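From a predicted model like this one, the values you see are computed outputs, not experimental measurements.
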Amino acid sequence: MPNLESVKRRRGVVPFTGLCLLAGILVAGTVAPAAIGAGLLSNQVSDSVDAISAQLAAADPPLVTTVTDRDGTPIATLYAQYRLPATAAGIATTMKAAIIAVEDRRFYTEGGVDMQGMLRAAVNDSTGGALQGASTITQQEVKNYLINVVDRNDPAAQQADREDSLARKLREAKMAVQLNATMSKDDILANYLNVVEFSGTVYGVGAAAKAYFGTTPDKLTVPQAALLAGMVNNPSIYNPYTHPDKALQRRNLVIDDMVTNGSIPASYAATAKATPLGVVPNGPVTPSGTCMGAAPDAGFFCAYAESYLVHAGFTADRLATGGYTIKTTLDPRVSQVTKDAVDANVPTTQDGVANTFAVVQPGQDGHQVLAMVANRNYGTDPARGETSTDIVADASNEFGAGSSFKIFTSAAALVTGKAGLDTPLPNPDSQCFPAPDAHGSCYTVHNDGHYADPITLADGLATSPNVAFVGLESQVGMPAVLDMAAKLGLRTTLATNDAGRTPDPKSGNPQFSQPQSQYFRNLLSFTLGNSPVSPLEMANVSATLMSGGVWCPPNPILSVTDRNGNAVPVAQQACERVLPQGVADTLEAGLSKDTTSGTSAEAARAAGWSRPDIGKTGTTQLSESVAFVGGVDDYAVSSMVFADGPHPREICPGTPVHLGDCGHGAFGGTVAAPPYFHAMSQLLAGVPDKPIPAADPAYLTARL
């Protein structure tokens with residue numbers, strides 16, 4: 001074992017007056033202009049050191065942020081620098097001895113600077129030669145802290161931290177002396193080993209031990225420690241994966257230095273040098289550092305949680321460097337069961353077809369997101385069925401949710417008194433409706449099939465005739481319908497344009513220059529759901545109804561704690577009552593017929609489904625997108641199947657669901673509803689039925 005005590009000789013103290021003496025020697029050996037330069041240099045050093053020292057004291061090194069599910073099980077790590085901190089006691093003696101032997105043999109006796117080396121470097125610099133090294137571990141700690149921590153986001157400052165100048169050396173030296181006077185040698189050494197780079201994104205000995213050897217820093221052997229100590233001089237050149245021969249040569253040199261320094265006996269060195277590099281295969285092995293490294297059922301959820309925190313005031317850099325523990329609301333059982341359901345419906349690599357599924361827990365004091373999954377996985381390889389877009393949270397379903405948008409028209413009609421659940425609505429096979437702005441031709445709508453004429457609002461919600469709902473929308477008015485859609489949950493969706501992107505005011509096309517909330521003011525097609533929509537927000541619409549008309553933001557966060565275990569507050573929008581309780585109950589009652597006598601009833605019977613629930617299917621005109629939005633018990637759900645490839649076509653039912661030319665393609669009830677029945681049947685097995693609220697008699701008939 002290394003004998004570190006043999007190199008811990010009496011600790012010397014070299015005050016900064018030694019540096020002043022060094023400057024005097026330098027000036028005495030030069031002509032007047034150089035002396036003037038030295039004076040300016042002295043002022044430069046004095047003016048900057050105190051400020052930089054304060055920055056050093058205030059800046060915490062970047063640490064890995066851990067994202068967990070609601071049970072505390074990690075689901076992802078976020079980082080800019082992969083660093084796992086280690087205490088002085090948690091670093092093996094082998095590692096300490098190796099780094100001292102190769103980088104600074106007088107570490108325990110010097111006062112933070114090597115005066116002989118500094119003098120040699122200063123004289124060489126003053127006579128025009130290249131600035132030489134002579135940095136102690138304490139000086140390297142200062143330099144690495146500046147580069148990797150304080151100035152890590154400032155390339156110009158990092159360049160100054162690396163420049164070959166006497167000013168930089170003297171500044172570094174003074175800070176090293178200050179550091180040496182205020183910290184123990186063991187803590188300085190531990191800090192250095194925690195901040196130094198070991199190649200790529202691997203920083204600090206804790207991360208290096210795990211990434212290169214699959215171990216912890218307290219268990220590093222002599223050959224392992226020597227390899228890591230040798231790398232810090234030049235992590236690229238001595239990388240054991242890209243330059244194994246150079247890495248081996250460098251490692252063995254460090255082992256020889258350990259013998260010279262008295263850390264290990266010469267007899268042991270031969271054995272250590274004969275040991276293979278022993279690094280883990282295909283390394284260094286590190287987590288991805290983004291949500292794309294999460295499990296297949298957690299990637300989209302993780303991405304949404306990260307985005308949610310950014311909107312709450314955290315920056316992406318803060319999340320990637322803060323060393324937080326982010327405990328999310330993700331329910332691992334719900335997430336896995338729903339992921340299995342969508343994968344069974346549409347395989348991950350199925351060409352051109354995506355199936356998203358979101359689950360939100362209703363409540364009047366919060367809407368926790370329990371699962372956000374898709375048959376696609378969150379990643380960058382399309383050949384493996386991956387996508388880098390959060391297709392569950394974003395308004396990425398550009399074809400829309402179809403007739404499930406009739407929920408908004410119905411809610412607006414109930415609130416304004418234009419209709420009640422039992423109100424008969426005119427419902428001819430087709431009708432041409434005047435444009436809301438009284439300009440242009442009328443909007444012609446056809447029913448897909450034959451329906452009762454007139455038809456009650458309740459029966460219309462179950463069977464979904466287009467003419468009746470466009471007529472009702474025309475009576476209620478587009479502003480009221482759009483306002484209701486926003487209140488119930490489509491807040492992010494309606495802020496995007498009709499391509500699902502940020503509106504571009506410079507675009508001459510209203511479709512792209514305006515948010516949907518403005519663009520659809522004069523378009524009665526809105527209730528037919530042919531516009532981009534967020535699947536997560538549609539699930540939250542159900543949660544709002546199931547919460548008695550109380551909207552809350554879909555929240556993915558249970559808690560955030562910092563690197564020291566302290567709670568960090570997360571700003572959140574307050575919940576709002578957006579519907580009277582009676583309207584919410586009545587609308588739920590109206591939506592309760594879909595799985596018993598409506599558009600998803602056949603699929604419900606095929607699945608053996610008989611639970612009381614709410615639901616509304618949706619199918620776009622060309623069957624390029626179908627949806628089921630509803631909920632049961634304490635689960636508010638949206639299941640959406642849509643064309644997601646560069647050449648969208650009709651979606652066809654089958655095993656599996658696929659693109660094709662099937663004549664009369666998929667419907668929400670035939671393709672989007674089955675994953676809902678599949679997943680909820682498993683999750684609620686053995687759980688007693690929870691009844692749907694009864695309609696409020698005040699909202700059964702029109703009140704105007």
Quiz item: Between Asn375 and Lys339, do the side chains contain an N or O donor and an N or O acceptor separated by less than 3.5 Å?
Solution: no

Quiz item: Have Glu537 and Thr493 got a donor and an acceptor in their side chains that come within less than 3.5 Å?
Solution: yes

Practice problem: Give a yes or no on whether a salt bridge exists between Arg611 and Asp633, defined as a side-chain N under 4.0 angstrom from a carboxylate O. | Solution: no

Quiz item: Strictly by modelled atom types, are Ser403 and Lys616 linked by a side-chain donor-acceptor pair under 3.5 Å?
Solution: no

Quiz item: Heavy atoms, side chains only, cut-off 4.5 Å: are Thr328 and Val67 in contact?
Solution: yes

Self-check item: Distance-only donor-acceptor check, side chains Ser623 and Glu650, under 3.5 Å
Solution: no

Quiz item: Do Gln621 and Asn530 have a side chain donor and acceptor closer than 3.5 Å?
Solution: no

Quiz prompt | Evaluation steps, side-chain contact (heavy atoms from CB on, under 4.5 Å), between Leu330 and Leu370 | solution = CA-CA 5 Å; Leu330 185 145; Leu370 303 182; over 6 Å; no

Quiz prompt | side-chain contact (heavy atoms from CB on, under 4.5 Å) assessment of Asp340 paired with Gln682 | solution = CA-CA 11 Å; Asp340 291 343; Gln682 290 189 60; 5.7 Å; no

Quiz item: With a 3.5 Å cut-off and no angle check, do the side chains of Ser592 and Asp613 form a donor-acceptor pair?
Solution: no

Self-check item: Contacts of Phe314 that satisfy ring-ring contact (aromatic ring centres under 6.0 Å, His included) - sequence neighbours left out
Solution: Tyr324

Quiz item: Of all residues at least two apart in sequence or in a different chain, which pass the salt bridge (Lys or Arg N to Asp or Glu O under 4.0 Å) check with Asp394?
Solution: none

Quiz item: Is there side-chain contact between Tyr304 and Asp390, with at least one heavy-atom pair below 4.5 Å?
Solution: yes

Quiz item: Quick check: are there more than 12 heavy atoms from other residues, nucleotides or ligands sitting under 6.0 Å from CZ of Arg501?
Solution: no

Quiz item: Going by atom types only, do Ser600 and Thr617 share a side-chain donor-acceptor pair under 3.5 Å?
Solution: no

Self-check item: With sequence neighbours excluded, residues passing ring-ring contact (aromatic ring centres under 6.0 Å, His included) with Phe399
Solution: none

Quiz prompt | Min side-chain heavy-atom separation Val629-Val637 under 4.5 Å | solution = no

Quiz prompt | Option from Leu528, Val626, Asp448 for which side-chain contact (heavy atoms from CB on, under 4.5 Å) with Thr619 holds | solution = Val626

Quiz item: Say you draw a straight line from CE of Met546 to CG of Asp585; how long is it, rounded to the nearest 0.5 Å?
Solution: 12.0 Å

Quiz item: Side chains of Gln368 and Leu558: does their closest heavy-atom pair fall under 4.5 Å?
Solution: yes

Practice problem: With the side chain counted from C-beta on, respond yes when Asp422 and Leu457 share a heavy-atom pair under 4.5 Å apart, and no when they do not. | Solution: no

Quiz item: Do NZ/NE/NH1/NH2 and the carboxylate oxygens of Asp459 and Lys593 come within less than 4.0 Å?
Solution: yes

